[in-house]
Number of protein chains: 2
Amino acid sequence: MLALLALFQISKYTIATGNSSVETVIAIIALVFFGIGIMINKRILHKDQKPIQEIDYNKIKEIGLSKREYEVLCEIAIGLSNKEIAEKLFVSENTIKTHVSNVLLKLDAKRRTQAIQIAKKLQILEQ
Amino acid sequence: MLALLALFQISKYTIATGNSSVETVIAIIALVFFGIGIMINKRILHKDQKPIQEIDYNKIKEIGLSKREYEVLCEIAIGLSNKEIAEKLFVSENTIKTHVSNVLLKLDAKRRTQAIQIAKKLQILEQ
DNA sequence: GCTTATTTCATACTTTAGTATGAGTTCTTT
DNA sequence: AAAGAACTCATACTAAAGTATGAAATAAGC
């Protein structure tokens, strides 16, 4: 705040004495307050917003999840049962059970609900 | 952009002719660019961030979830089994089953995974 | 104080989820 | 073309999850 007032006075003095061009002084003032506007806005917004987590496709490969297994994981996350997933993907429920088992194994989860949480923590599912 | 340049020229002219005080012109410039800084920043941040959804406690009451039932819902959401929730809350697994059934009924969910999704959509659980 | 809602628990049951194993098929990569 | 990975499916389990019902104890509101 004090620095701002000082800048203010210096600007006034500089223009009065004619040491610098008026354009330069105005440009500096503009730039400084432009920066201040960005800074303040950033602080306010950071309290009310959080960054969107992008899906980490490299981590999916790292974990060893196959394309189909990840697909099943996504369906689990939206709350579908094995039967419903089977119908949606046009395969048998047994096939889905196999995929689910593999997903749980690879995510080190005991249950599908835990798998969802782990997957979100690993950023392979949107939160 | 053109408006900015115009403002720039007007400021220069005003100071040169001495029609207004230097302080006023500088203050206007400062305010305008401060505002521009905020505007630009807001647009950029809105692309990379999303607002945090606050928990809607009124909706919890509206749905008719009791304190204990909501507590159980939260534990479900972090991926715990009925047994684990029972141990955590120092009650029997049968009690948890009763609570879970009531939660599913009130949220109109068929499964706990679906309940999690519905609860998040209703903003009674953090996403 | 009385009523009502909440919390607790049990028993018995049905349904879904998850494991283990084996095996045939397709797709890919060398 | 052969090898390996991925996808499919079945059978037979075990383990959880979820339903239905009834009931007792406690807490809260009138």
Side-chain angles (χ1 to χ4, degrees), chain A residues 55-122 124-125, chain B residues 55-122 124-125:
Chain A
I55 289 170
D56 191 345
Y57 291 100
N58 288 325
K59 198 159 275 170
I60 296 174
K61 283 180 185 170
E62 197 183 294
I63 291 164
L65 281 180
S66 76
K67 191 180 166 187
R68 202 57 157 169
E69 284 162 355
Y70 179 68
E71 216 172 341
V72 170
L73 173 61
C74 292
E75 304 298 346
I76 288 174
I78 64 172
L80 299 187
S81 68
N82 290 338
K83 201 174 194 175
E84 288 169 339
I85 299 171
E87 286 165 4
K88 194 169 179 180
L89 302 184
F90 305 105
V91 292
S92 81
E93 195 185 338
N94 286 320
T95 302
I96 299 301
K97 282 188 177 186
T98 303
H99 289 319
V100 172
S101 273
N102 291 333
V103 168
L104 296 182
L105 206 74
K106 290 174 181 177
L107 287 180
D108 197 29
K110 291 174 188 165
R111 284 162 295 282
R112 50 172 62 207
T113 48
Q114 198 183 7
I116 296 170
Q117 283 307 109
I118 292 171
K120 285 178 179 176
K121 204 163 284 175
L122 292 173
I124 61 177
L125 277 182
Chain B
I55 289 169
D56 191 345
Y57 292 101
N58 289 325
K59 197 158 275 172
I60 296 174
K61 284 179 185 170
E62 198 183 295
I63 292 164
L65 281 181
S66 75
K67 192 179 164 187
R68 203 57 157 171
E69 284 163 356
Y70 180 68
E71 216 173 341
V72 170
L73 173 61
C74 292
E75 303 298 344
I76 287 173
I78 63 172
L80 298 188
S81 68
N82 290 338
K83 201 174 196 173
E84 287 170 339
I85 298 171
E87 287 166 2
K88 194 169 178 179
L89 300 184
F90 304 107
V91 292
S92 82
E93 194 185 339
N94 286 320
T95 302
I96 299 302
K97 282 188 178 185
T98 304
H99 289 319
V100 172
S101 273
N102 292 332
V103 168
L104 296 183
L105 207 73
K106 290 173 182 177
L107 287 180
D108 196 30
K110 291 175 190 165
R111 284 162 294 282
R112 48 172 62 207
T113 47
Q114 198 184 6
I116 296 171
Q117 284 306 108
I118 292 171
K120 285 179 179 176
K121 205 164 283 176
L122 292 173
I124 61 177
L125 277 182

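Letters A, B, ... are given to chains in the order of the sequence lines, protein chains preceding strands, and every chain is numbered from 1.
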Rounded to the nearest Å, what distance is computed from the [atom1] atom of residue [X] to the [atom2] atom of nucleotide [N]?
| X | N | atom1 | atom2 | value |
| --- | --- | --- | --- | --- |
| B:Asp108 | D:dG18 | CG | P | 15 Å |
| B:Leu89 | C:dC9 | CG | P | 11 Å |
| B:Ile116 | D:dA17 | CD1 | P | 12 Å |
| A:Arg112 | C:dT19 | CZ | C1' | 14 Å |
| B:Ile96 | D:dA16 | CD1 | P | 16 Å |
| B:Glu93 | C:dA12 | CD | P | 16 Å |

Phosphate-side-chain proximity, B:Thr95 and C:dC9, N/O vs OP1/OP2 below 4.0 Å:
yes
C:dT8 phosphate, OP1 or OP2, under 4.0 Å from B:His99 side-chain N/O
yes
Nearest 0.5 angstrom please: [X] [atom1] to [Y] [atom2], how far?
| X | Y | atom1 | atom2 | answer |
| --- | --- | --- | --- | --- |
| A:Ile124 | A:Lys61 | CD1 | NZ | 13.5 Å |
| A:Leu73 | A:Asn102 | CG | CG | 12.0 Å |
| B:Gln117 | B:Thr113 | CD | OG1 | 8.0 Å |
| A:Ile60 | A:Ser66 | CD1 | OG | 10.5 Å |
| A:Glu87 | A:Glu75 | CD | CD | 12.0 Å |

Could you work out which one of D:dA10, C:dA17, D:dA17 sits closest to the side chain of A:Arg111?
D:dA17
Is there a salt bridge (Lys or Arg N to Asp or Glu O under 4.0 Å) between B:Glu62 and B:Lys59? Walk through the geometry before answering.
CA-CA 5 Å; B:Glu62 198 183 295; B:Lys59 197 158 275 172; 5.9 Å; no
Between [X] and [Y], what is the shortest heavy-atom contact and its length?
| X | Y | result |
| --- | --- | --- |
| A:Cys74 | A:Leu125 | SG-CD2, 3.9 Å |
| A:Ala115 | A:Leu107 | O-CD1, 3.8 Å |
| A:Ile85 | A:Val72 | CD1-O, 4.3 Å |
| B:Leu89 | B:Arg68 | O-NH2, 3.3 Å |

Without placing hydrogens or testing angles, list every side-chain donor-acceptor pair under 3.5 Å for residues 76-83 of chain A, not counting sequence neighbours.
{"residue": "A:Ser81", "atom": "OG", "partner": "A:Glu84", "partner atom": "N", "Å": "3.2"}
{"residue": "A:Asn82", "atom": "OD1", "partner": "A:Arg112", "partner atom": "NH2", "Å": "2.2"}

At under 4.0 Å between heavy atoms, which parts of nucleotides 19-30 of chain D does protein reach? Answer with one letter per nucleotide, 5' to 3': B base, S sugar-phosphate only, - none.
B-----------
At 10 degrees resolution, what angle do the end axes of the helix from C:dG1-D:dC30 to C:dT30-D:dA1 form when each is taken over five base pairs?
60°
If only atom types and distance count, is the side chain of B:Tyr70 paired as donor or acceptor with the main-chain N or O of B:Tyr57 below 3.5 Å?
no
Keeping A:Lys106 on the side-chain end and A:Gly64 on the backbone end, is there a donor-acceptor pair under 3.5 Å?
yes
Who pairs with B:Ser92 by side-chain contact (heavy atoms from CB on, under 4.5 Å), at least two apart in sequence or on another chain?
B:Asn94, B:Thr95
Which residues within residues 58-88 of chain B lie with some heavy atom under 4.0 Å of an atom in DNA chain C?
B:Ser66, B:Lys67, B:Arg68
With the criterion being N/O to N/O and under 3.5 Å, what pairs connect the protein with nucleotides 28-30 of chain C, and how long is each?
none

